[in-house]
Amino acid sequence: VEIWRKGHVFTEGKHIVKHGTVYAYGDAEIQVYNDATVTAFDRAVVKAYSNAKVYAFGKTTVETVSNAPVEAYGDATVKAYGNAKVEAYDSTIVKAYSNATVEAYDSATVEAYNSVTVEARGNAKVGAFDRAIVKAWDRAMVKAYNRAMVIYPEERKIIYPIGWTTETHE
């Protein structure tokens, strides 16, 4: 079943559309508000607000607000706010805020704030803040702040900018 509606309130089955565009296939559950655009397949559950653009496939769960573009596949769970850009695959969990850019694969968990760039794979767990750049694989556990750059970090390693210590910023 394909549903398309713009500029009207539309309710049929599991879909709610208020001033947005929706393409729904299979058992997707969609709520769209303002000028958001959503394309959802299978059992995706999507809530999109403002000018968000969402492409969801599989058993994904996506909530996005503002201009955040999101692509989610598999069993990914994504919350994106502001201008955050997210690509999430497999069983990832992603929360992205402001201007964060995130690519997450496998079972990675990412929380990204401000203008960070994160790529996480495997079972990596990443918390990135400010303008940090992080590439984390396998079982890496990373917290990156300010302009820190982390690539292939060791498990359970916390990376601080020069001059920061655990005593001053933890």
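In this structure, Tyr23 is a member of the same hydrophobic cluster as Tyr73, with clusters built from ILVMFWY side-chain heavy atoms closer than 4.5 Å. Note on Met141 and Ile93: separate hydrophobic clusters, where clusters join Ile, Leu, Val, Met, Phe, Trp and Tyr whose side-chain heavy atoms are under 4.5 Å apart, directly or indirectly. Under a hydrophobic-cluster definition in which Ile, Leu, Val, Met, Phe, Trp and Tyr are linked whenever side-chain heavy atoms come within less than 4.5 Å, directly or via other members, Tyr25 and Val45 are assigned to different clusters.
The CD1 atom of Ile133 sits 10.5 Å away from the OG1 atom of Thr101 when rounded to the nearest 0.5 Å. Separation of atoms CZ (Arg43) and CG (Asp27) is listed at 8.0 Å; rounding is to 0.5 Å. Glu87 contributes atom CD, which lies 5.0 Å from atom CD of Glu103 (distance to the nearest 0.5 angstrom). In this structure, CD1 in Ile30 is found 13.0 Å from NZ in Lys47, a value given to the nearest 0.5 Å. Atoms CG and CG, on Asn83 and Asn99 in that order, are 5.0 Å from each other to the nearest 0.5 Å. Put simply, CZ on Phe129 and OH on Tyr145 are 5.0 Å apart, with the number rounded to the nearest 0.5 Å.
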Using residues 48-66 as the side-chain source, report each donor-acceptor pair under 3.5 Å to any protein atom, sequence neighbours left out, with the distance given to one decimal.
residue, atom, partner, partner atom, Å
Asn51, ND2, Asn67, OD1, 3.3
Thr64, OG1, Ala68, O, 3.1
Thr64, OG1, Ala80, O, 3.4

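Across all non-hydrogen atoms, the minimal contact from Asp90 to Asp106 is OD2-N, 2.9 Å. Of all non-hydrogen atoms in Ala128 and Val116, the two that sit nearest each other are C-CG1, 3.6 Å. Here the closest non-hydrogen pair linking Ala84 and Pro69 is O-CD, 3.2 Å. Scanning all heavy atoms of the two residues, the minimum distance from Val94 to Ala104 falls at CG2-CB, 3.7 Å. Smallest separation of non-hydrogen atoms from Thr21 and Val32: N-CG1, 4.3 Å.
Between the Asp75 side chain and the Ser91 main chain, no donor and acceptor come within less than 3.5 Å of each other.
Sorted by first and then second residue, the salt bridge (Lys or Arg N to Asp or Glu O under 4.0 Å) pairs with a member in residues 113-123 read Glu119-Arg121; sequence neighbours excluded.
With sequence neighbours excluded, no residue forms a side-chain hydrogen bond (donor to acceptor under 3.5 Å, both in side chains) with Arg131.
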